[in-house]
Amino acid sequence: MSDDADRSGFVIAVDGPAASGKGTIALRLGAEFGLPVLDTGLLYRCVGVLMQKAGENLEDHDAAAAAAILLTADQLDDPALRTRAAGEAASRVAVHPSVRDALLEFQRTFAGQEGGAVLDGRDIGTVIAPQAQAKLFVTAEPGVRAQRRWSQLKLQGERLTLDDVVADIRRRDERDGARDVAPMRRAPDAVLLDTSEMTIEQAADAARRIVEAARARWLSSR
Ligand code: CDP
């Protein structure tokens, strides 16, 4: 066993498109394997919301990078980050390479903590933690994702139609997949988990089994 292997923790990367179930799965995995969880989407949401509050233009990459540099972990609990508008703003600031650079160290430090971590997002398995021992790419049919997100936003008190959410999801999938830097991609070594036909319990159970197998391989290789 090398010193590096000895020190490195077990990292779980959970990537996937909007409303695929990745956030819930990441939280369940964190509880199951006793690891801290970072929802990296909140970082981008926070940058977008801070800029909107300050009246900044979301296309202004210098202002967006400045907001990203100043961001602190205690700002991530704000319920305002969970709104539909925050999701849209997040995906618009997430295209700026300077914003992604500014958020890189925070995410890598989280991934590198002793004992390991779970991170969910779009580029965890490809850019943030390519060394992760367990990688999942969680997806679902766009119609299923729209239905799930609609229910969630209505519970939060937002007034919108299913068609609005279908359009949001389509726009975000396109923008997140087409951007030049760190586009949403399944890492070659990520296990694809399509949750279209699954309940959240079934999806969480499938994810746990995938991660258990990866953990057993990791332990036996140390
Ligand atoms: O919850 P949902 O999947 O709708 O979104 P999220 O994970 O909170 O991410 C919001 C937006 O942030 C995404 O549409 C991406 O544009 C961006 N994002 C990213 O670029 N990279 C990440 N690692 C996480 C989120």
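Counting starts at 1 for both ligands and their atoms, in listed order. These values consider heavy atoms only, across backbone and side chains, with no hydrogens, waters or symmetry-generated copies.
The shortest N/O to N/O separation between D39 and ligand 1 does not fall below 3.5 Å. In terms of N/O distances under 3.5 Å, ligand 1 is not approached by Q107. Ligand 1 has no nitrogen or oxygen under 3.5 angstrom from a nitrogen or oxygen of D120.
At least one heavy atom of R100 sits less than 4.0 Å from an atom of ligand 1. For the pair M184 and ligand 1, no heavy-atom separation below 4.0 Å is found. Within the structure, the closest approach of R175 to ligand 1 does not fall below 4.0 Å when heavy atoms are considered. Under a 4.0 angstrom heavy-atom cut-off, G23 registers as lying outside contact with ligand 1.
Cation-pi check for R215 over F10 is met; the charged atom lies under 6.0 angstrom from the ring centroid and within 45 degrees of its normal.
The side-chain contact (heavy atoms from CB on, under 4.5 Å) check on Q75 picks up C46, L50, L71, T72, with sequence neighbours excluded.
At a heavy-atom cutoff of 4.0 Å, ligand 1 is contacted by both the backbone and the side chain of R122. When heavy-atom distances to ligand 1 are checked against a 4.0 Å cut-off, A182 has no atom that comes that close, whether in backbone or side chain.
Close contacts between ligand 1 and A90 involve ligand atoms 10 (C), 11 (C), 12 (O) [criterion: under 4.0 Å to a heavy atom].
The 12-atom threshold is exceeded at CG of D74, counting heavy atoms of other residues, nucleotides or ligands nearer than 6.0 Å.
Side-chain atoms of T24 and R148 include no donor-acceptor pair closer than 3.5 Å.
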